[in-house]
Undergrad: 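Below is the structure I would like to discuss, written out as C-alpha cells.
The model shown is predicted, which means the values in this text are computed figures rather than measured ones.
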Amino acid sequence: MTFGILEDKHLQRVPGTALLSDLGVLHGQEITIDEAGTLKRGTGRHAHVILVPQPSDDPADPLNWPRWKKEACFWTLAFAASLDGALSPMVGPGYVLLSEQFGVSVDEIASSFGAILLGLACFMLFQGALAVKFGHRIVYLGSVTLMFISCIWCAASPNLASIRASRVFQGFGMSALQSLVASTIEQIYFVHERGNRSVIWSFSIMSGITLGPLLYSYVIQNLSWQMGFWFVSIPLGITMFLVFFFVPETSYRRPHPTASEMSKRSSSDEAMAQSSRTSENNEKSNIEERQSPAATVGDANSGNQTFLSQLKLWHGTFSDDSLFKIFLRPFPFVLSPVTVYIFLVHGMQTVWLSLLPICSSTIFTIEYGFNASQIGLTNLGGIVGIVLAAAVTGPLTDWGTIWLARHNKGIYEPEFRIFFISTMLMGTFGYAGWAVGTTHNMPWIGAVACLTLANFSMVTSGSAAVTYLLDTHGPNALHVLALSNLFKNVVLYSFTFFANGMVESRGVKVSLLILAGCQTFCWLASIPMYVFGKRLRSWIARHPRLFVVEANDAPRT
C-alpha cells in the first residue's frame with residue numbers, strides 16, 4: 001500500500017505505474033536502483049529521472065525533438081488556446097446592455113452568444129477522429145482558420161439568428177484547442193515534464209476566459225459589440241501563420257525494439273526496463289504497429305525531414321480504419337471510471353467557473369449597479385488567481401511527483417497527481433465566501449477576491465486532472481477528454497437558458513451556495529479515486545477490447 005493507494009491483486013505491473021527515478025529512499029537513506037542502468041534518463045537536474053515513455057533512436061520521434069522545436073510548438077498552441085478561451089465568455093459583461101439593444105431578455109442574449117458551446121460540443125468528438133486519421137497539424141490549422149473566419153462573420157452579423165450561426169461555427173473551430181492539446185503534450189513531453197505543461201495550457205485558456213471579458217467590456221461600452229470581434233480577428237489571423245510555421249506534425253508510431261536490441265540487455269536489467277516499457281506500451285497501444293523495423297511508416301516519421309517538408313499540410317494517414325469507425329472509438333470510454341472522474345473534477349468545475357462570466361452582468365448589476373466596463377474589471381481577480389496558480393503549481397506538480405516517486409523506491413504512481421486536485425476546495429471557499437459576503441454588505445473587492453480563489457482552484461486542480469488522465473490513458477486520453485468536454489459543453493449550454501433568470505429569482509446568495517455545494521461534491525470523488533485508482537487502472541488494462549484502441553496497419557501516404 002503506497003501512500004494509501006491500494007495495490008492490485010491481478011496484475012504484477014499495472015499500466016501507468018513506472019520507474020521514474022533511479023534514486024529511491026529506503027529507511028531514510030537514498031539508494032541507487034541498479035536495474036535502471038540501461039534506461040534512458042533526463043539531463044541536467046533531471047539526470048536521475050528515467051524517461052517515461054522511453055524515446056526511440058529516431059530523430060523524427062517527437063520525444064527526441066530539440067528543445068526549441070518543442071517550445072515553439074507548445075507556446076504557439078498555448079497562445080492559440082488563450083484566444084480560444086476568450087471567444088466564449090467575452091460578451092458576458094455586455095449581456096444586460098445587449099438585451100436592451102435587441103429588446104430581448106438577458107437569457108436569450110446569453111443563449112444566442114452561448115451557441116458557441118453547442119458547436120463546441122457537437123464537433124468535439126469529430127475533431128479527435130480527424131486527428132487520429134490525418135494527424136494533429138491539419139486539425140490545428142483548420143481550427144484556427146475556422147475561428148478566424150467565424151469571428152469576422154459574427155462581427156458582420158445583422159441579427160441574433162446570424163450571431164447564433166456564426167457562434168456555432170466558432171465552436172467547431174475551438175474544439176481542437178480545448179482537448180487536442182493534451183494529446184500533443186503527451187506526444188512531445190515525458191511524464192516528469194507534463195504537469196508543468198498542463199498547467200501552462202490551463203493557464204492559457206483561463207487567461208483568455210478572464211482577459212477576454214475585461215477587454216471586451218471597454219469596447220462594448222465605448223464603441224460597439226461588433227468591434228470586439230473585429231479586434232479579436234487580428235490576433236487570430238496572426239495565429240494562423242504561427243501554427244503553419246511552428247506546429248509540425250506530432251503524430252508518430254513508435255516501433256517495437258528489435259531482437260538484437262533486446263538481447264543486449266541482461267536479464268536483471270531487462271526485468272526493470274520492461275517495467276517501464278510495459279506502462280509505455282499499454283499507453284501507446286493505439287499508435288504501435290506490428291511491422292518489421294525496416295517497414296516504412298510514412299513521411300511524417302521520416303528521420304530525414306527538413307523544415308520545409310514539415311510545413312506540408314498532408315503527411316499521409318495515421319490509421320487505416322475508416323473515419324466513422326474512429327469516430328465511434330471514444331464511446332466505450334464512457335464505461336471507464338477515469339472518464340467519470342475527469343468529467344466531475346475537470347469538466348464540471350469548468351462549468352461552475354464559466355457560469356460566472358455568463359451571470360456576471362446580472363450579479364454585479366444587482367449587487368453593485370456596475371456598468372459593462374466595471375463588470376469587465378472584476379475579471380482582474382481571475383487574472384491574479386491564474387497567474388499565482390501558474391507560478392506555484394507549474395514547478396510544484398512535476399517536482400512533487402518526482403519527490404513522491406523517490407520516496408516510493410523510485411516507482412511513480414499516477415495517483416500522486418490527485419494530491420494536487422485537493423485545491424478544488426479553494427473554489428468551494430470562493431463560492432461560499434462570496435455567498436456569505438452578500439448578506440454582510442461585502443464590498444466589491446471581496447467578490448473579486450472570491451473570484452481569485454475560484455480561478456486558482458481551476459488552474460491547479462484542472463491541470464493535475466488532465467495530467468492524471470494522460471498518465472492513466474496515454475494517447476487514449478484524447479478520447480476521454482473529448483467525451484468529458486462534450487458533456488461539459490452540453491451542460492453549460494443548457495445553463496445559458498436559465499442561469500441569469502435563476503440569479504434574478506433565487507438571489508445571488510442561494511445561487512452561489514449551490515455552486516459551492518456542487519464543487520464540494522465533485523471534489524469528494526477524488527477520495528475513492530485515489531485509494532482505488534491503481535485497481536481501476538488494472539481493471540481497464542484487463543478489458544482491452546473496451547479501453548485500448550489498436551492500430552492495424554501502417555499509414556498510407
Undergrad: Apply side chain to side chain contact (heavy atoms under 4.5 Å, CB included) to Trp75 and Ile200, showing your working.
TA: CA-CA 9 Å; Trp75 286 102; Ile200 296 173; 3.7 Å; yes

Undergrad: Salt bridge (Lys or Arg N to Asp or Glu O under 4.0 Å), that's the test. Do Lys534 and Glu415 meet it? Break it down for me.
TA: CA-CA 8 Å; Lys534 191 168 186 176; Glu415 284 70 34; over 6 Å; no

Undergrad: On a heavy-atom basis, which atom in Gly173 and which in Leu146 lie closest, and how many Å separate them?
TA: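 Shortest heavy-atom contact: N-CD2, 3.7 Å.
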
Undergrad: Are the side chains of Leu130 and Leu323 in contact, using a 4.5 Å heavy-atom criterion?
TA: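 A side-chain contact under 4.5 Å exists here.
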
Undergrad: Report the distance from atom OG of Ser175 to atom CG of Leu486, rounding to the nearest 0.5 Å.
TA: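 Reported value, rounded in 0.5 Å steps: 11.0 Å.
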
Undergrad: Assess the residue pair Asn485 and Leu120 against the criterion (side chain to side chain contact (heavy atoms under 4.5 Å, CB included)); give the C-alpha distance rounded to whole Å, side-chain angles, the decisive distance to 0.1 Å, and a yes or no.
TA: CA-CA 8 Å; Asn485 284 330; Leu120 189 58; over 6 Å; no

Undergrad: Hey, which of Thr472, Thr17, Asp8 is the one that makes side chain to side chain donor-acceptor pair (under 3.5 Å) with Arg537?
TA: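 Per the side chain to side chain donor-acceptor pair (under 3.5 Å) rule, the option paired with Arg537 is Thr17, out of Thr472, Thr17, Asp8.
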
Undergrad: When rounded to the nearest 0.5 angstrom, what distance separates CG in Leu77 from OG1 in Thr250?
TA: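 Rounded to the nearest 0.5 Å, the CG-OG1 separation comes out at 8.5 Å.
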
Undergrad: Do you know which two heavy atoms are closest between Leu87 and Cys151, and how far apart they sit?
TA: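 Nearest pair, atom of Leu87 first, then Cys151: CD2-SG, 4.2 Å.
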
Undergrad: Please list all pairs passing the salt bridge (Lys or Arg N to Asp or Glu O under 4.0 Å) test where one or both residues lie in residues 70-83, with sequence neighbours left out.
TA: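 Residue pairs passing salt bridge (Lys or Arg N to Asp or Glu O under 4.0 Å), neighbours aside: Arg67-Glu71, Glu71-Arg197.
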
Undergrad: Under a 4.5 Å cut-off applied to non-hydrogen side-chain atoms, are Met529 and Ile418 in contact?
TA: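 When only atoms from C-beta onward are counted, Ile418 and Met529 do touch, with a gap below 4.5 Å.
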
Undergrad: Do Phe241 and Phe244 have ring centroids that are under 6.0 Å from one another?
TA: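 No - the distance between ring centres of Phe244 and Phe241 does not fall below the 6.0 Å cut-off.
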
Undergrad: With distance as the sole test, does Gln349 use its side chain to make a donor-acceptor pair with the main-chain N or O of Met424 at under 3.5 Å?
TA: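 Side chain of Gln349 to backbone of Met424, a donor-acceptor pair under 3.5 Å: no, none is there.
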
Undergrad: For Phe169, I'd like to know if atom CZ has over 12 heavy atoms of other residues, nucleotides or ligands within 6.0 Å.
TA: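 Count not over threshold, so no.
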
Undergrad: Going through the distances and angles, do Ser461 and Val345 end up as a side chain to side chain contact (heavy atoms under 4.5 Å, CB included)?
TA: CA-CA 8 Å; Ser461 60; Val345 300; over 6 Å; no

Undergrad: Rounded to the nearest 0.5 Å, what separation is found between the CZ atom of Phe246 and the CZ atom of Phe79?
TA: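 Between atom CZ of Phe246 and atom CZ of Phe79 there are 12.5 Å.
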
Undergrad: Taking all non-hydrogen atoms of both residues, which atom of Pro248 and which atom of Trp65 are closest, and how far apart?
TA: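 Taking Pro248 first and Trp65 second, the nearest heavy atoms are CG-CH2, 3.5 Å.
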
Undergrad: What's the separation between atom CG in Leu117 and atom CG in Leu492, rounded to the nearest 0.5 Å?
TA: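 Here the interatomic distance stands at 4.5 Å.
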
Undergrad: How about Tyr140 and Arg137: do any of their side-chain heavy atoms sit closer than 4.5 Å?
TA: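 Of all side-chain heavy-atom pairs linking Arg137 with Tyr140, none is under 4.5 Å.
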
Undergrad: Does any non-hydrogen side-chain atom of Ile411 lie less than 4.5 Å from one of Glu413?
TA: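 In contact.
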
Undergrad: With ring centroids as reference points, do Phe419 and Tyr530 lie under 6.0 angstrom apart?
TA: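 Yes, close enough.
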
Undergrad: Nearest heavy-atom pair of Ser422 and Trp523: which atoms, and what distance?
TA: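 Minimum heavy-atom separation between Ser422 and Trp523: CA-NE1, 3.4 Å.
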
Undergrad: Is the shortest heavy-atom distance from the side chain of Met147 to the side chain of Leu177 under 4.5 Å?
TA: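 A side-chain contact exists here, since the closest heavy-atom pair is under 4.5 Å.
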
Undergrad: If you take all heavy atoms of Val459 and Ser463, which pair is closest and at what distance?
TA: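 Between these two residues, the closest heavy atoms are O-OG, 2.7 Å.
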
Undergrad: What are the two closest non-hydrogen atoms of Ile326 and Ala129, and how far apart are they?
TA: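 Looking at all heavy atoms of both residues, the shortest contact is CG2-CA, 3.6 Å.
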
Undergrad: With the side chain counted from C-beta on, respond yes when Ile116 and Val168 share a heavy-atom pair under 4.5 Å apart, and no when they do not.
TA: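 With C-beta onward as the side chain, the pair stays apart.
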
Undergrad: Looking only at the side chains, is there a donor atom on one of Ser82 and Ser204 sitting less than 3.5 Å from an acceptor on the other?
TA: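 Per modelled atom types, Ser82 and Ser204 side chains form no pair under 3.5 Å.
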
Undergrad: With a 4.5 Å limit on heavy-atom distance, are the side chains of Phe172 and Phe126 in contact?
TA: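 Not touching, per the 4.5 Å side-chain cut-off.
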
Undergrad: Is it true that Ser336 and Tyr341 share a donor-acceptor pair across their side chains at a distance under 3.5 Å?
TA: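 Tyr341 vs Ser336: no donor-acceptor pair found between side chains.
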
Undergrad: When you check the side-chain N and O atoms of Ser143 and Gln127, is any donor under 3.5 Å from an acceptor?
TA: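 No - no donor-acceptor pair under 3.5 Å links their side chains.
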
Undergrad: How many angstroms lie between CZ in Phe532 and CG in Leu536, if you round to the nearest 0.5 Å?
TA: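 So the CZ of Phe532 and the CG of Leu536 are separated by 8.5 Å.
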
Undergrad: For a 4.5 angstrom cut-off between non-hydrogen side-chain atoms, does Thr339 reach Val334?
TA: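 Not in contact.
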
Undergrad: Could you tell me the separation between the CD1 atom of Ile138 and the OG atom of Ser251, rounded to the nearest 0.5 Å?
TA: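 With rounding to 0.5 Å, CD1 (Ile138) is 11.5 Å from OG (Ser251).
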
Undergrad: Using salt bridge (Lys or Arg N to Asp or Glu O under 4.0 Å), reason through Asp321 and Lys133 one step at a time and then give a plain yes or no.
TA: CA-CA 8 Å; Asp321 292 332; Lys133 180 73 173 178; over 6 Å; no

Undergrad: Indicate whether the side chain of His346 and that of Ser484 have a donor and an acceptor atom separated by less than 3.5 Å.
TA: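 Absent: no donor and acceptor within the cut-off.
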
Undergrad: If only side-chain N and O atoms count, and only distance matters, is there a donor-acceptor pair under 3.5 Å linking His10 with Ser538?
TA: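 On atom types as modelled, these side chains do not qualify, holding no pair under 3.5 Å.
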
Undergrad: Stepwise, does the side chain to side chain contact (heavy atoms under 4.5 Å, CB included) test hold for Val144 with Leu236?
TA: CA-CA 7 Å; Val144 294; Leu236 280 173; 5.6 Å; no

Undergrad: Should the pair His543 and Trp539 be assigned to parallel (<30°), tilted (30 to 60°) or perpendicular (>60°) ring geometry?
TA: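 Aromatic pair His543/Trp539 classed tilted.
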
